[in-house]
Amino acid sequence: KALRLFDQIVPQYRGKPQGEKVTFLYADTYYMLDDNYNAGYQFERFTQAYPNSEKIDEAAFKSAKSYYFLSPRYDLDQTETYKAIEELQKYIDNHSDGAYIEEANKLVADLRVKLEKKAFEIAKQYYHTLNYKSAIVAFNNFITEYPGSPFREAAYYYRFDSAYLLAINSYQYLMKERLETALEYYKSYQKYYPEGSEYYEQIQVSNEDLESRLQNF
(Lines give C-alpha, C1' and ligand atoms only; values in the text may rest on other atoms or scores of the structure.)
Protein backbone atom coordinates (compact mmCIF):
# COMPACT_ATOMS: atom_id res chain seq x y z
CA LYS A 1 0.00 0.00 0.00
CA ALA A 2 2.79 2.39 0.92
CA LEU A 3 4.55 1.71 -2.38
CA ARG A 4 1.48 2.60 -4.42
CA LEU A 5 1.16 5.88 -2.52
CA PHE A 6 4.85 6.71 -2.89
CA ASP A 7 4.62 6.10 -6.63
CA GLN A 8 2.07 8.91 -6.74
CA ILE A 9 3.62 11.45 -4.40
CA VAL A 10 7.39 11.16 -4.95
CA PRO A 11 7.37 13.20 -8.18
CA GLN A 12 5.42 15.96 -6.43
CA TYR A 13 8.03 16.37 -3.68
CA ARG A 14 11.18 16.53 -5.81
CA GLY A 15 13.03 19.75 -5.03
CA LYS A 16 10.95 20.42 -1.92
CA PRO A 17 12.12 20.23 1.71
CA GLN A 18 10.15 17.02 2.31
CA GLY A 19 11.60 15.42 -0.83
CA GLU A 20 14.61 13.97 0.96
CA LYS A 21 12.56 12.02 3.49
CA VAL A 22 9.97 10.89 0.95
CA THR A 23 12.66 9.69 -1.48
CA PHE A 24 14.45 7.73 1.24
CA LEU A 25 11.23 6.06 2.41
CA TYR A 26 10.35 5.22 -1.18
CA ALA A 27 13.66 3.40 -1.66
CA ASP A 28 13.34 1.75 1.73
CA THR A 29 9.90 0.43 0.83
CA TYR A 30 11.38 -1.45 -2.11
CA TYR A 31 14.11 -2.71 0.22
CA MET A 32 11.56 -3.99 2.77
CA LEU A 33 9.67 -5.74 -0.03
CA ASP A 34 12.88 -7.51 -1.18
CA ASP A 35 12.56 -5.86 -4.58
CA ASN A 36 16.31 -5.62 -4.78
CA TYR A 37 16.62 -4.31 -8.33
CA ASN A 38 14.46 -1.29 -7.56
CA ALA A 39 15.83 -0.84 -4.03
CA GLY A 40 19.40 -0.65 -5.30
CA TYR A 41 18.44 1.77 -8.04
CA GLN A 42 16.33 4.05 -5.82
CA PHE A 43 18.88 4.20 -3.02
CA GLU A 44 21.54 5.04 -5.58
CA ARG A 45 19.38 7.89 -6.88
CA PHE A 46 18.91 9.09 -3.30
CA THR A 47 22.67 9.20 -2.65
CA GLN A 48 23.16 11.21 -5.84
CA ALA A 49 20.35 13.65 -5.07
CA TYR A 50 21.10 14.12 -1.35
CA PRO A 51 24.85 13.61 -0.80
CA ASN A 52 24.77 15.61 2.46
CA SER A 53 21.80 13.79 3.98
CA GLU A 54 22.09 12.32 7.45
CA LYS A 55 20.75 9.13 5.85
CA ILE A 56 23.53 8.96 3.27
CA ASP A 57 25.47 6.21 5.06
CA GLU A 58 22.42 3.97 5.44
CA ALA A 59 21.25 4.63 1.90
CA ALA A 60 24.66 3.88 0.39
CA PHE A 61 24.93 0.64 2.33
CA LYS A 62 21.42 -0.54 1.54
CA SER A 63 22.00 0.24 -2.13
CA ALA A 64 25.10 -1.96 -2.10
CA LYS A 65 23.43 -4.67 -0.03
CA SER A 66 20.54 -4.83 -2.50
CA TYR A 67 23.05 -5.91 -5.14
CA TYR A 68 24.38 -8.52 -2.72
CA PHE A 69 20.91 -10.10 -2.54
CA LEU A 70 20.86 -10.32 -6.35
CA SER A 71 23.95 -12.53 -6.40
CA PRO A 72 22.94 -16.03 -7.58
CA ARG A 73 24.18 -19.39 -6.34
CA TYR A 74 27.77 -20.20 -7.21
CA ASP A 75 27.11 -22.49 -10.19
CA LEU A 76 25.27 -19.79 -12.18
CA ASP A 77 26.61 -16.78 -14.08
CA GLN A 78 28.34 -14.49 -11.58
CA THR A 79 27.91 -11.11 -13.28
CA GLU A 80 25.64 -9.93 -10.45
CA THR A 81 28.18 -11.12 -7.89
CA TYR A 82 30.94 -9.01 -9.42
CA LYS A 83 28.55 -6.05 -9.48
CA ALA A 84 27.69 -6.57 -5.80
CA ILE A 85 31.37 -6.71 -4.82
CA GLU A 86 31.99 -3.52 -6.78
CA GLU A 87 29.11 -1.70 -5.06
CA LEU A 88 30.02 -2.92 -1.58
CA GLN A 89 33.66 -1.98 -2.14
CA LYS A 90 32.51 1.46 -3.24
CA TYR A 91 30.63 1.81 0.05
CA ILE A 92 33.70 0.66 2.03
CA ASP A 93 35.97 3.11 0.21
CA ASN A 94 33.63 6.09 0.51
CA HIS A 95 32.35 5.44 4.05
CA SER A 96 35.42 4.27 5.92
CA ASP A 97 33.90 5.35 9.25
CA GLY A 98 30.37 4.26 8.35
CA ALA A 99 28.11 2.30 10.67
CA TYR A 100 27.94 -0.66 8.32
CA ILE A 101 31.62 -1.17 7.48
CA GLU A 102 31.95 -4.44 9.39
CA GLU A 103 28.87 -5.94 7.76
CA ALA A 104 29.95 -4.71 4.33
CA ASN A 105 33.33 -6.42 4.70
CA LYS A 106 31.63 -9.67 5.72
CA LEU A 107 29.33 -9.50 2.70
CA VAL A 108 32.28 -8.93 0.36
CA ALA A 109 34.09 -11.90 1.92
CA ASP A 110 31.00 -14.04 1.46
CA LEU A 111 30.75 -13.09 -2.21
CA ARG A 112 34.43 -13.75 -2.81
CA VAL A 113 34.09 -17.25 -1.35
CA LYS A 114 31.24 -17.84 -3.80
CA LEU A 115 33.51 -16.87 -6.71
CA GLU A 116 36.26 -19.08 -5.32
CA LYS A 117 33.88 -22.02 -5.02
CA LYS A 118 32.81 -21.61 -8.64
CA ALA A 119 36.43 -21.55 -9.84
CA PHE A 120 37.30 -24.51 -7.63
CA GLU A 121 34.35 -26.58 -8.83
CA ILE A 122 35.22 -25.88 -12.47
CA ALA A 123 38.75 -27.18 -11.86
CA LYS A 124 37.36 -30.15 -9.96
CA GLN A 125 35.05 -30.96 -12.86
CA TYR A 126 38.07 -31.34 -15.13
CA TYR A 127 39.52 -33.72 -12.53
CA HIS A 128 36.35 -35.84 -12.31
CA THR A 129 36.05 -36.06 -16.10
CA LEU A 130 39.67 -37.34 -16.24
CA ASN A 131 40.87 -34.26 -18.10
CA TYR A 132 43.96 -34.07 -15.92
CA LYS A 133 45.95 -31.61 -18.03
CA SER A 134 43.16 -29.02 -17.89
CA ALA A 135 42.64 -29.77 -14.20
CA ILE A 136 46.30 -29.00 -13.43
CA VAL A 137 46.11 -25.70 -15.31
CA ALA A 138 42.85 -24.78 -13.57
CA PHE A 139 44.14 -25.63 -10.10
CA ASN A 140 47.38 -23.72 -10.77
CA ASN A 141 45.33 -20.67 -11.75
CA PHE A 142 43.12 -21.10 -8.71
CA ILE A 143 46.06 -21.26 -6.30
CA THR A 144 47.56 -18.13 -7.85
CA GLU A 145 44.35 -16.11 -7.93
CA TYR A 146 42.92 -17.10 -4.53
CA PRO A 147 45.81 -17.47 -2.06
CA GLY A 148 43.60 -17.10 1.01
CA SER A 149 40.76 -19.34 -0.12
CA PRO A 150 39.17 -21.95 2.19
CA PHE A 151 39.47 -24.33 -0.79
CA ARG A 152 43.23 -23.83 -1.05
CA GLU A 153 44.30 -27.10 0.60
CA ALA A 154 41.90 -29.07 -1.59
CA ALA A 155 43.27 -27.30 -4.66
CA TYR A 156 46.84 -28.29 -3.73
CA TYR A 157 45.74 -31.88 -3.21
CA TYR A 158 43.76 -32.19 -6.43
CA ARG A 159 46.53 -30.53 -8.40
CA PHE A 160 48.93 -33.19 -7.12
CA ASP A 161 46.49 -36.03 -7.71
CA SER A 162 45.74 -34.81 -11.22
CA ALA A 163 49.47 -34.78 -11.99
CA TYR A 164 49.95 -38.19 -10.36
CA LEU A 165 47.09 -39.81 -12.28
CA LEU A 166 48.23 -38.17 -15.52
CA ALA A 167 51.73 -39.53 -14.96
CA ILE A 168 50.85 -43.14 -14.14
CA ASN A 169 48.49 -43.33 -17.12
CA SER A 170 51.05 -41.89 -19.55
CA TYR A 171 53.11 -43.54 -22.24
CA GLN A 172 56.43 -44.77 -20.90
CA TYR A 173 58.47 -42.05 -22.60
CA LEU A 174 56.37 -39.34 -20.87
CA MET A 175 56.05 -40.97 -17.48
CA LYS A 176 59.33 -39.98 -15.79
CA GLU A 177 58.95 -36.25 -16.46
CA ARG A 178 55.32 -36.30 -15.34
CA LEU A 179 56.11 -38.25 -12.19
CA GLU A 180 58.75 -35.65 -11.33
CA THR A 181 56.19 -32.87 -11.86
CA ALA A 182 53.77 -34.69 -9.57
CA LEU A 183 56.53 -35.03 -6.98
CA GLU A 184 57.05 -31.25 -7.03
CA TYR A 185 53.33 -30.77 -6.41
CA TYR A 186 53.55 -33.23 -3.54
CA LYS A 187 56.35 -31.18 -1.99
CA SER A 188 54.28 -28.02 -2.37
CA TYR A 189 51.39 -29.65 -0.54
CA GLN A 190 53.71 -30.87 2.22
CA LYS A 191 55.19 -27.40 2.62
CA TYR A 192 51.86 -25.80 3.46
CA TYR A 193 49.91 -28.72 4.89
CA PRO A 194 51.95 -30.99 7.17
CA GLU A 195 50.81 -34.12 8.99
CA GLY A 196 47.26 -33.96 10.30
CA SER A 197 45.84 -32.02 7.39
CA GLU A 198 42.70 -33.20 5.60
CA TYR A 199 44.26 -35.05 2.66
CA TYR A 200 47.49 -36.09 4.37
CA GLU A 201 46.93 -39.86 4.45
CA GLN A 202 45.60 -40.03 0.90
CA ILE A 203 48.51 -38.07 -0.53
CA GLN A 204 51.10 -40.19 1.31
CA VAL A 205 49.78 -43.39 -0.28
CA SER A 206 49.93 -41.87 -3.76
CA ASN A 207 53.38 -40.42 -3.15
CA GLU A 208 54.80 -43.77 -2.02
CA ASP A 209 53.66 -45.28 -5.29
CA LEU A 210 55.04 -42.28 -7.18
CA GLU A 211 58.50 -42.62 -5.62
CA SER A 212 58.49 -46.35 -6.21
CA ARG A 213 57.78 -45.79 -9.89
CA LEU A 214 60.51 -43.15 -10.13
CA GLN A 215 63.04 -45.61 -8.74
CA ASN A 216 62.39 -47.81 -11.75
CA PHE A 217 63.87 -45.07 -13.95
Using the rule given for side chain to side chain contact (heavy atoms under 4.5 Å, CB included), can you reason through Tyr127 versus Leu165, listing the C-alpha separation, both sets of side-chain angles and the distance that settles it, and then say yes or no? CA-CA 10 Å; Tyr127 171 85; Leu165 292 170; 4.1 Å; yes
Under a 3.5 Å threshold, yes or no: a donor from one side chain and an acceptor from the other, between Arg152 and Tyr193? yes
Where do Tyr132 and Tyr126 land on the ring pair (Phe, Tyr, Trp, His ring centres under 6.0 Å) test, with the steps shown first? CA-CA 7 Å; Tyr132 298 125; Tyr126 288 128; over 10 Å; no
Can you name the closest pair of heavy atoms from Ile168 and Met175 and give their distance? O-CE, 3.9 Å
Straight-line distance of Phe6 CZ to Gln42 CD, nearest 0.5 Å: 11.5 Å
Are Leu115 and Ile85 packed together at the side-chain level, in the sense that at least one heavy-atom pair is separated by less than 4.5 angstrom? yes
Does any part of the side chain of Lys55, heavy atoms only, come nearer than 4.5 Å to the side chain of Tyr50, both counted from C-beta? no
Any idea which heavy atoms bring Ala123 and Ala135 closest together, and the distance? O-CB, 4.0 Å
For Ala64 and Leu88, which heavy atoms make the closest approach, and how far apart are they? CB-CD2, 3.7 Å
Just to verify, which of Phe139, Phe120, Tyr74 counts as forming a ring pair (Phe, Tyr, Trp, His ring centres under 6.0 Å) with Phe151? Phe120
Would you check if Tyr31 and Asp28 make a side-chain contact, meaning some heavy-atom pair closer than 4.5 Å? yes
Between Ser206 (side chain only) and Ile203 (backbone N and O only), is there a donor and an acceptor less than 3.5 Å apart? no
Closest heavy-atom contact between Ala59 and Phe43? O-CB, 3.5 Å
Got a second to check how far Leu107's CG is from Glu87's CD, nearest 0.5 Å? 13.0 Å
Answer yes or no: is there a side-chain heavy-atom contact under 4.5 Å between Phe46 and Glu20? yes
For the residue pair Tyr199 and Asp161, establish whether any side-chain heavy-atom pair is separated by less than 4.5 Å. no
Flag, side chain of Tyr157 to backbone of Gln202, donor-acceptor distance under 3.5 Å: no
Side-chain ion pair, Lys83 and Glu80, N-O less than 4.0 Å: no
How close do Ala182 and Tyr164 get, counting heavy atoms only, and between which atoms? CB-N, 3.7 Å
Glu180: which residues meet the salt bridge (Lys or Arg N to Asp or Glu O under 4.0 Å) condition with it, sequence neighbours left out? Lys176
Is it the case that one hydrophobic cluster holds both Met32 and Phe24, taking links as side-chain heavy atoms less than 4.5 Å apart, direct or via other members? no
Rounded to the nearest 0.5 Å, how far does OG of Ser162 lie from NZ of Lys133? 13.0 Å
What about Phe160 and Tyr156, are their ring centers closer than 6.0 Å? no
What's the separation between atom OG in Ser197 and atom CD in Gln190, rounded to the nearest 0.5 Å? 7.0 Å
Heavy atoms, side chains only, cut-off 4.5 Å: are Phe217 and Glu177 in contact? no
Quick one: do the Asp77 and Thr79 side chains pair a donor with an acceptor below 3.5 Å? yes
Examine Val113 and Tyr158 and state if one hydrophobic cluster contains both, with Ile, Leu, Val, Met, Phe, Trp and Tyr joined whenever side-chain heavy atoms are less than 4.5 Å apart. yes
Between Gln12 and Gln18, does a side-chain hydrogen bond (donor to acceptor under 3.5 Å, both in side chains) hold up when you go through it step by step? CA-CA 10 Å; Gln12 300 174 32; Gln18 304 96 323; over 6 Å; no
When you check the gap from the basic side-chain N to the acidic O, do Glu102 and Lys106 get nearer than 4.0 Å? yes
Do Glu153 and Tyr189 have a side chain donor and acceptor closer than 3.5 Å? yes
Please answer: with hydrophobic residues joined when any side-chain heavy atoms are less than 4.5 Å apart, are Ile143 and Tyr185 in the same cluster? yes
Grouping I, L, V, M, F, W and Y whenever their side-chain heavy atoms are under 4.5 Å apart, do Leu5 and Leu3 come out in a common cluster? no
Flag side-chain contact, heavy atom, 4.5 Å: Lys117 against Lys124: no
Once you round to the nearest 0.5 Å, how far does OG1 of Thr29 lie from CZ of Arg4? 12.0 Å
Lys114 bridged to Asp110 by N-O distance under 4.0 Å: no
For atom CZ of Arg73, is the number of surrounding heavy atoms from other residues, nucleotides or ligands below 6.0 Å larger than 12? no
Between Asp57 and His95 (side chain of the first, backbone of the second, donor and acceptor by atom type, cut-off under 3.5 Å), is there such a pair? no
Hey, are the side chains of Leu214 and Leu210 touching, using non-hydrogen atoms and a 4.5 Å cut-off? yes
Do the side chain of Ser170 and the main chain of Leu166 share a donor and acceptor less than 3.5 angstrom apart? yes
With no hydrogens and no angle check, is any side-chain donor or acceptor of Gln78 less than 3.5 Å from a backbone partner on Leu76? yes
Point-to-point distance, once rounded to the nearest 0.5 Å, from CD of Glu184 to CG of Leu179: 12.0 Å
Glu121 and Asp75: CA distance, side-chain angles, deciding distance, side chain to side chain contact (heavy atoms under 4.5 Å, CB included) verdict: CA-CA 8 Å; Glu121 291 296 333; Asp75 55 329; over 6 Å; no
Is atom OH of Tyr41 surrounded by more than 12 heavy atoms (other residues, nucleotides or ligands) closer than 6.0 Å? no
Should the ring pair Tyr100 and Phe61 be called parallel, tilted or perpendicular, given that the plane angle runs from 0 to 90° and is split at 30 and 60? parallel
For Asp7 versus Pro11, what's the shortest heavy-atom pair and its separation? O-CD, 3.6 Å
If two hydrophobic side chains count as joined below 4.5 Å and joins carry through other members, does Leu70 share a cluster with Tyr82? no
Would you say Gln89 has more than 12 foreign heavy atoms packed within less than 6.0 Å of its CD? yes
Does Ser71 reach the main-chain N or O of Tyr67 with its side chain, forming a donor-acceptor pair under 3.5 Å? no
So, Tyr68 versus Glu103: side-chain donor-acceptor pair below 3.5 Å or not? no
Please say whether more than 12 non-hydrogen atoms of neighbouring residues, nucleotides or ligands are located less than 6.0 Å from CD in Gln48. yes
